Every structure is written in structure tokens, then in C-alpha cells.
Student: 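I have a structure here, written as C-alpha cells, and I will follow up with some questions on it.
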Amino acid sequence: MNPRSRFLDATALTLGFAFLYLPIVILIVYSFNASQLVTVWGGFSTRWYGAVWQNRQLLDAAWITVKVAAVSAAFATIVGTLAALALTRYLRFRGRTLFSGLVYAPIVMPEVITGLSLLLLFVSVGIDRGFWTVTVAHATFTCGFVAVVVQSRLITFDRSLEEAAADLGATPWQVFFRITLPIIAPAVIAGFLLAFTLSLDDLVIASFTTGPGSTTLPMRIYSQVRLGVTPEINAICTLMIAAVTVLVIGASLATKRGLPAT
Amino acid sequence: MSDTPKTTAALGAVRSAFAPWNDPAAKPLVVFDGVTKRYGAETAVNDLSLAVYEREFFALLGPSGCGKSTLMRMLAGFETPTAGRVVLAGEDLAGVPPHLRPTNMMFQSYALFPHMTVEKNIAFGLQMEGVAKAEIHDRVAAALKLVKLEALASRKPHQLSGGQRQRVALARALIKRPKVLLLDEPLGALDRKLREETQFELVALQERLGLTFIIVTHDQDEAMSMATRIAVMDKGRIAQVGTPPVIYEAPATRYVADFIGDINIVEGKVAAIDGRRVTISTALGDMALPEAADSIAIGQEVAVAWRPEKTRIVRADEPVAGGQTMIEGAVHDIGYLGDWTTYVVEVAGQRLRAAVANASRLVERPISWDERVRLCVAPESLLLLTR
Amino acid sequence: MSERQARRTIILVPYLWLAVFFLVPFAIVAKMSLSQVATAIPPYVPVFGLDDGPAGWLAKARELSLDNYGVIASDRLYIDAFLTSIRIAATGTLILLVIGYPMAHAMARAPENWRPLLVMAVILPFWTSFLIRVYAWIGILKPEGLLNELLLGLGLIGAPLQIANTETAVLIGVVYSYLPFMVLPLYASLERMDRTLLEAAADLGCPPWKAFWRITVPLSLPGIVAGCFLCFIPITGEVVIPDLLGGSDTLMIGKTLWTEFFSNRDWPVASAVAVLLLVLLVGPIVLYQRQQARQLEAAR
């Protein structure tokens with residue numbers, strides 16, 4: 001590679017990553033700002049973290065959000081993994097085109113449409129909105145992501161591994177749980193984490209499908225942000241970033257202990 | 001098959017100690033009975049019947065797409081025949097799922113479980129059977145010893161070389177003491193030197209354990225060097241079944257003759273039958289050979305074939321003894337292979353090959369390009385191919 | 001469990017889930033878009049009930065009308081919102097491609113042991129809250145924000161720039177939020193490319209910049225298409241970014257729907273907007289889905 005294209009590459013990466021990370025860094029730095037004014041530096045302080053800790057409403061919302069994310073991600077992982085299996089293993093069945101459309105469409109579907117349509121479904125069958133409606137809604141819009149992640153792993157999966165297991169006496173059930181699942185596990189875990197963070201992150205669909213008592217953290221943050229920028233929100237955001245970073249690093253360590261993708 | 005009785009008897013002597021297929025009282029272990037497999041409009045295996053005996057090292061040989069793998073996979077249970085029966089040790093296998101069949105397979109890709117150590121891979125089959133832990137431990141240790149992998153027991157497959165992986169796959173398939181061990185292109189992924197070594201090891205192992213092996217291969221050398229018998233397959237059918245020497249020296253059809261080794265084939269017509277001596281008239285002149293007369297008639301279109309290494313090449317002006325087929329032509333090409341030299345000789349628009357062993361290092365006046373030469377073939381080296 | 005039962009379970013579970021929670025709701029939206037708003041709970045008529053019987057349903061079906069679509073067609077506000085959405089989505093996607101392609105290209109050419117790290121670095125911000133990332137830009141872009149302070153401090157501008165609450169701010173937010181969705185598919189297709197192709201091109205006398213246009217770009221086309229759809233479609237229906245960064249001047253259709261639903265409580269009109277948005281996007285969605293399926297087929 002000649003020095004000029006190397007320089008171009010380095011420039012593209014530096015500028016690109018600066019663009020991606022600077023706002024986040026600024027946000028974190030200002031969460032330690034003693035001043036009430038967001039853009040004026042008033043010295044280092046952790047007072048806003050104390051304020052967050054005092055804010056029961058926010059903590060409740062955070063807890064609900066985590067619960068919704070965990071349960072919906074579990075559902076999405078099951079549905080998404082099955083969908084990925086169906087799409088890679090069964091190349092011919094009735095309604096396959098529609099099925100693959102249903103799997104991929106939620107990925108790009110604007111959230112307002114998904115949210116509104118799910119809300120109308122719940123209203124028309126007379127289900128009270130709350131924890132379970134948000135959870136089901138989140139599982140529905142995230143399972144497509146899980147399917148894509150798992151599918152990309154299944155496509156390179158050597159089917160003769162399953163045949164070998166069957167040949168050695170494993171029943172179809174044993175083949176799935178002892179061979180297939182352990183081998184695609186990194187992708188399934190990645191899918192779960194993706195679904196989990198998408199759920200944590202979602203504001204629009206949650207706003208449509210949640211009910212009183214199940215207000216999620218993004219909804220709380222959103223209503224505060226609309227009232228104006230405060231350092232307290234910076235502190236919450238920093239905490240969330242820290243939580244996600246720990247989660248991601250933990251997960252990548254956990255999957256690294258497994259095997260390299262073959 | 002149209003083997004001449006004389007050659008068959010002579011060739012059979014090579015492995016005369018073991019030939020259950022010649023014994024009418026022997027019961028075959030594996031029987032394919034009129035088996036057909038279709039995928040949509042495509043027929044992979046076409047009304048095929050075949051018997052394999054206990055303790056055989058049986059090779060299914062053919063080019064890719066000839067149906068050999070499909071045949072093996074039907075025995076393992078991964079494919080269901082469209083028609084016909086697959087019988088193992090007297091039991092019809094229809095409806096028996098792969099995990100309940102007493103066959104084990106060594107996969108072409110080896111299919112080693114990437115998330116398990118060598119030891120766990122080998123133990124897997126016994127665990128599925130519900131064998132006691134202590135026994136699994138002992139049998140795995142024995143299997144590791146058998147394939148000389150004791151030192152690598154706790155490695156993962158991706159930490160092994162190709163040859164080591166191959167041995168793990170072998171141990172894993174052998175440990176369940178299958179009635180039949182199926183080997184799908186077992187040496188395909190190995191380099192040439194290792195492949196030759198492994199061929200001998202496999203045969204030694206099979207004889208020592210007294211197991212029945214069925215191997216699928218597209219490599220004729222592999223089949224020839226290892227198998228007790230070879231089934232040459234062509235488009236879903238069996239072209240010929242026989243011991244390696246029979247397949248090579250007495251091919252039943254043009255297809256088999258052409259597929260196995262190098263051969264010269266000349267088309268012709270039966271001109272005369274004189275007792276056991278048949279004369280064929282061809283574009284290159286008449287050729288006479290000994291052949292049982294009952295299978296042919298005067299005027300029948302046949303082919304005469306012979307192997308390059310059974311051809312003598314001399315200069316056209318050199319005197320030769322009579323009583324053999326002689327064809328005169330010009331040297332078109334010479335291929336020096338070290339141990340052999342192959343001459344391509346052009347005769348009446350057709351190219352014939354002669355292979356000469358390079359028995360001495362220096363030849364005083366070697367035959368050169370464009371020289372007029374004569375190819376001499378003894379009558380008993382000529383083959384008559386009616387199909 | 002037999003092979004056949006397994007097959008049935010594997011297909012039916014996700015199929016039913018998606019049919020019930022994704023497909024059926026669209027039918028309900030379509031029906032709702034033909035209903036009339038009412039001050040009741042739920043806030044629309046007619047309400048179909050199981051106990052109405054066929055005659056009752058028929059009578060109520062007659063109450064359905066296209067009025068809501070008439071309202072939308074006659075009001076410039078809705079049409080403008082649609083046009084603005086498409087304009088912002090198209091411009092944003094183009095900017096994303098221009099920024100994302102050099103990044104993905106550089107990542108794909110980076111030393112092999114660096115690449116997983118770089119991919120991780122692109123994904124990481126995506127794991128942090130989307131809302132937070134958009135929020136961070138408010139502090140940067142507002143008149144007394146960091147960007148203006150920096151530019152004023154450097155003496156590059158004399159008075160604060162008005163970026164917040166403009167379409168520019170929305171575009172910045174959109175590009176920032178969707179960058180990983182553009183970079184990752186591009187990277188995936190660029191990384192797969194066989195490098196000896198470029199060597200072959202050079203060997204045949206093709207200068208590097210020409211090789212880039214004639215070899216690299218065509219081969220990364222699947223990634224370009226996937227990345228563009230993955231950005232364009234959701235941006236069109238974006239709510240949060242225009243709301244937080246665009247102010248009241250930038251009307252996008254997703255936000256209009258949101259307002260109709262939450263502020264005006266006009267469910268039928270919101271549904272009609274949703275139907276129109278879906279009609280607008282159904283083409284791109286189908287193309288995206290085909291592309292996905294084809295790519296997976298090619299990887300097989």
C-alpha cells in the first residue's frame with residue numbers, strides 16, 4: 001500500500017471515530033461538572049450522581065426497563081433463533097416468502113408504525129397495557145435482529161457435524177442441544193445482547209405500548225430532556241454507558257472463552 | 001462380466017486367502033437391493049444392487065456426481081431410498097433413523113465437534129449409548145492409543161494438523177465398534193505423502209480389528225491400493241465390481257477401462273472367430289487376441305484396448321518377432337516422468353500411448369520426436385470390450 | 001420429537017408470533033384509518049365487538065370512510081411533512097454513504113488483527129442509548145453550546161451560529177445515529193473482497209483510483225445497497241431526532257404521527273398517516289428484504 005492511501009485511511013478512521021466518540025466523551029466529562037449550567041465548567045463534582053441516586057422515579061423506571069429488556073430479549077432470542085433455523089434449514093415451505101418478509105421487515109420498519117400497530121392490536125383485543133405489552137412489543141421488533149445474527153452463523157455451519165452426531169447415536173434432540181446450540185451459542189448470545197440493548201434503548205415503541213406504572217427509563221429521560229438540558233441527565237447517561245460497557249466487555253470475554261468461530 | 005476365465009483365475013490368486021464373494025454359501029453383510037434415489041427429476045442412484053461381505057474393505061469408486069456418496073449416505077441413514085431396500089446383517093434398514101443404525105461414518109470434512117476436545121469427541125458416541133463412565137474412559141484411552149494420539153487428548157480440533165484430525169475422526173467412528181465403518185473420501189484432505197502412509201495404516205487397522213470398511217473415493221490409486229473389491233460407478237449405476245487386479249486387467253466396459261489408469265482404445269469389428277482366437281479389423285489393421293467366442297458374433301462392433309505399459313516401442317526399422325500386434329506411426333510427444341517415459345504415437349489420426357520403464361539412467365540413442373516407430377503388443381495383453 | 005414435528009415447531013412458532021404481532025396489527029391500522037375520531041375510550045368509532053354478529057358488523061362497516069385520507073390530502077402540513085421526511089432521509093443517507101464508505105474501506109484494509117477491534121469501536125457507541133447520543137448533540141449545537149464557543153473562541157465566527165432547531169441539526173443527528181448501520185454492511189462486503197483482484201487489476205495496467213471505481217465499488221454494491229436501505233427506511237419515520245434537534249420548524253412525518261396520536265388523540269388520522277407511510281416505504285422494504293435473502297443465499 002502506498003503512503004498516500006495509508007494517509008487517507010488513517011484520516012478517514014481518525015475523523016470517523018472522533019465524530020462517533022466526541023459527543024459521548026463530552027457528555028461524560030460534563031456529568032462531573034459542579035456547575036448547574038451545562039456548558040460552563042464549574043469544577044469537578046459528583047453531586048449529580050447523588051441527585052440521580054435520590055430520584056426514585058428514575059430508579060424505578062431503570063429497573064422496569066432492565067426487566068423488560070431481559071424478558072423481551074429472551075423471547076426474541078427464542079423466536080429469532082427458530083426463525084433463523086427455519087430460513088436456513090428449510091428452503092421450501094408454504095408461505096416462505098411471506099415468512100422471510102415478516103422476519104426482515106421489523107428491522108427497518110419505522111418504530112412509529114410498529115408501535116402504533118401493536119397498540120391498536122392490544123386495544124382491539126382489550127388487553128390492558130403494561131409490562132407484558134411492552135415486553136411482547138419489544139420481542140417482536142428485536143427478533144428480526146436476532147434472526148439475522150444467528151442466520152449468518154448458521155449459514156457457515158457444517159451440517160455434517162449434526163450428521164456425525166446422529167451417526168454416533170445422538171437423537172435429534174441431543175444433536176440440537178449438544179452440537180448445534182453450543183456451536184452457534186456465540187451468535188445466539190450476541191443476538192440476545194443486541195435484543196437486550198435495543199429494548200433498553202427504545203423510546204417510541206415503549207411509549208405506544210406501555211401503560212401506567214410501566215414507564216421505562218428512556219421515556220423518563222425523554223420527558224426530562226424536553227424540559228431542558230440538565231447535568232443530572234448527563235449523570236444518568238454516563239451511568240448507562242458504564243453499565244453497557246461492562247455488559248459488553250463481560251459478554252465478549254465470556255464468548256472468547258468459548259471457541260473461535262470455525 | 002466378460003472376464004476371460006483364465007485371467008480371472010490368475011488375478012484372483014493375488015488375494016485368494018480372502019474371497020467370500022466367490023463362496024455361494026457366504027452371507028453378505030450389506031445388501032443394496034434394487035436401490036433408486038431420485039432428487040426431483042434427477043436420478044442419483046438408479047436401480048442399483050450390490051452385496052458387501054463381512055471383513056471386506058470395499059471401495060465405491062467413481063467421478064463426482066456418480067452417486068457413490070448418496071449410496072453411502074443411504075446406508076448411514078442420511079438419505080432415504082426412493083425405491084429398493086438397504087439391508088444390514090439381515091435387517092431391512094427402512095425407517096431406522098441414523099442414530100439407531102449400527103454403522104459409523106468418517107466424514108469427508110471429518111466433522112469434528114469444534115467445541116469439544118479430542119477426548120470428548122471420541123467419547124461422544126459412547127456417551128450417547130449410555131455406556132458407564134469408567135468404561136468410556138478405558139475405551140477412549142484404548143482408542144487414543146490405537147491412533148497414537150494419547151498426547152493430544154485435551155486439544156481442541158482447531159489445534160490439530162490435518163493428519164491428526166483424520167485420526168481423531170477415525171477413532172471416533174471406530175470406538176462404537178460399528179458393523180460397518182463408512183469412510184467418505186477419508187484421505188482427500190491430506191497431502192500426497194501422508195495419504196500414502198495413511199492408506200497402509202488403514203488397511204493394517206482394518207485387518208487387525210477385523211471390521212468391515214466401505215470407502216467412497218474418486219481416487220483410483222486409493223481404491224486400488226486398499227480395497228478387497230472395487231465397485232466402479234457411473235451415473236448412478238455400477239459399471240463393474242471386482243478385485244483391483246480384475247478391474248485393472250479385465251475391465252468390463254469402455255467406461256471402466258478408460259476411468260482406471262491409462263489405456264489405448266481402438267474401435268473395430270469382429271472379422272473372424274477361429275476357436276478361441278478372435279480377429280478384429282480396425283482402422284489400424286487387424287488385431288488378433290484370445291477370447292471366449294460365445295459372447296461375440298462376426299460383424300459385431302467392438303473395441304480393442306491395451307495398457308500403455310504393456311506396449312513395446314521400437315524404431316520402425318528395427319526387427320521384431322512376429323505373432324503380436326504391430327502398429328506403425330510417428331512419435332508425436334514424449335513425456336518424461338522420471339520412473340516412466342510416455343510416448344504418444346500418432347497412427348492414422350489416432351494417438352496411442354506407450355509407457356516405458358526407465359530401467360537404466362542413460363539410454364544411448366533415445367527415441368526422439370517425429371521418429372517412425374512401431375508399437376508391439378502381445379495378443380494376451382489385448383482386451384476385447386463389447387460394451 | 002420426530003424430524004417432521006421439529007420442522008413444524010421451528011417454522012410455526014416464529015411464523016405465528018410474527019403473524020399475530022406484526023402482520024395482523026397492520027390490518028387493524030388499516031381499519032382504524034377508515035374510522036372516525038370520537039371522545040370516548042377507546043377514542044374512535046365504530047368499535048367492532050364479537051357480540052355484534054354479522055349484521056352488526058356490516059352496519060358498522062358502512063360507517064367506515066376515507067375521510068381521514070381526505071383530511072391528509074387537503075392539508076399542506078401533512079404533504080410537507082412527507083416531503084421533508086423523504087428529503088432528510090435521502091440527504092442523510094447520501095452523507096452517510098460519503099462518510100461511511102472511506103471508514104469502512106479503511107477498516108477493511110487495516111491489518112488483520114486490528115479489524116475486530118475497529119468493528120468493536122464502530123459498534124460500541126451503538127450499544128449506548130440512542131436517546132443519549134442525540135441528547136449529547138443538543139449541548140453541542142445550541143447557540144451557547146460547545147461548538148459555537150469553540151468557533152467563537154477561535155475567532156472563526158463573529159456571532160453564534162443557529163444550528164440547533166434547524167434541518168442541519170436533524171441531519172447531523174441522523175448521520176451520527178445511523179453511522180454504524182452504514183459502516184457495518186459496507187465493511188462486511190469490502191472485507192470479503194479478494195485483494196488479489198486489485199493486484200490483478202494493477203498487473204493489467206489499471207491505476208489504483210481506477211481500480212477503486214471499477215473493481216472495489218462494484219464488488220461492494222451489495223453492502224452499499226444494504227447500508228442505504230438500512231438507513232433510509234427508518235430515517236424516513238424518525239421521531240426522536242427531529243423532535244429534539246429539529247425544533248418546531250422541521251416537520252417529519254413520524255413526528256406528525258406521534259403528535260396526532262399523543263397530543264391530539266386522533267387515532268384514526270394517526271393510522272391513516274401510518275398507512276401512507278407504509279405505502280411509501282413498502283417498495284424499499286421489499287427491496288431490502290430481497291437483498292438480504294439474496295446475500296444469505298450467496299453466502300451459502
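Everything numeric here is computed off the predicted structure, so don't read it as measured data. The chains referred to below are lettered A, B, ... by the order of the sequence lines, with proteins before strands, and numbering in each begins at 1. Quick note: numbers below take in every heavy atom, side chains included, and nothing from hydrogens, waters or symmetry partners.
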Student: Checking A:Tyr222 against C:Tyr135 for the ring pair (Phe, Tyr, Trp, His ring centres under 6.0 Å) test, could you report, in this order, the C-alpha distance in whole Å, the side-chain angles of both residues, the deciding distance, and whether it holds?
Tutor: CA-CA 9 Å; A:Tyr222 186 61; C:Tyr135 161 76; over 10 Å; no

Student: Output the option from C:Phe232, C:Trp267, C:Phe229 having the highest count of non-hydrogen pairs under 4.5 Å with chain A.
Tutor: C:Trp267

Student: Can you tell me which portion of A:Thr81 sits under 4.5 Å from chain C's heavy atoms? Options are side chain, backbone, both or neither.
Tutor: neither

Student: If you measure from CD1 on A:Ile107 to CD1 on C:Ile233, what distance do you get to the nearest 0.5 Å?
Tutor: 10.5 Å

Student: Does any N or O in the side chain of C:Tyr15 come within less than 3.5 Å of the main-chain N or O of A:Gly95, such that one atom is a donor and the other an acceptor?
Tutor: yes

Student: Checking C:Thr216 now: which residues fulfil side-chain hydrogen bond (donor to acceptor under 3.5 Å, both in side chains) with it, not counting sequence neighbours?
Tutor: none

Student: Quick check for you: to the nearest 0.5 Å, what is the distance between A:Leu121 atom CG and C:Met32 atom CE?
Tutor: 11.0 Å

Student: So what's closer than 4.5 Å to chain C heavy atoms on A:Val148: side chain, backbone, both or neither?
Tutor: side chain

Student: To the nearest 0.5 Å, what is the distance between CZ (C:Phe22) and OG1 (A:Thr140)?
Tutor: 9.0 Å

Student: For the residue pair A:Ser100 and C:Gln289, what are the closest heavy atoms and their distance?
Tutor: OG-NE2, 2.6 Å

Student: With a 4.5 angstrom heavy-atom cut-off, could you sort out which part of C:Leu281 is near chain A: side chain, backbone, both or neither?
Tutor: side chain

Student: Please classify the contact of C:Tyr288 with chain A as side chain, backbone, both or neither, using a heavy-atom distance under 4.5 Å.
Tutor: side chain

Student: Centres of the A:Phe208 and C:Phe261 rings: under 6.0 Å?
Tutor: yes

Student: If you look at every heavy atom in A:Leu13 and C:Met103, which pair is closest and at what distance?
Tutor: CD2-O, 3.8 Å

Student: Can you tell me which portion of A:Val204 sits under 4.5 Å from chain C's heavy atoms? Options are side chain, backbone, both or neither.
Tutor: both

Student: Between A:Leu198 and chain C, which part of the residue has a heavy atom less than 4.5 Å away: side chain, backbone, both or neither?
Tutor: side chain

Student: Looking at every non-hydrogen atom in both residues, tell me the closest pair between A:Tyr90 and C:Ala6 and how far apart they are.
Tutor: OH-C, 4.4 Å

Student: Please rank C:Ile132, C:Leu277, C:Val29 by heavy-atom pairs under 4.5 Å with chain A and give me the top one.
Tutor: C:Ile132

Student: Closest approach of C:Phe21 and A:Leu118, non-hydrogen atoms and distance?
Tutor: O-CD2, 3.3 Å

Student: Measure the spacing between CE of A:Met219 and CG of C:Leu131 and express it to the nearest 0.5 Å.
Tutor: 11.5 Å

Student: Could you state the interatomic distance from CZ (A:Arg89) to CD1 (C:Ile11), rounded to the nearest 0.5 Å?
Tutor: 12.5 Å

Student: Run the side-chain donor-acceptor check on residues 15-27 of chain A: report pairs under 3.5 Å with partners two or more places apart or on a different chain.
Tutor:
from    : atom 1 : to       : atom 2 : distance (Å)
A:Tyr21 : OH     : C:Ala121 : O      : 2.6

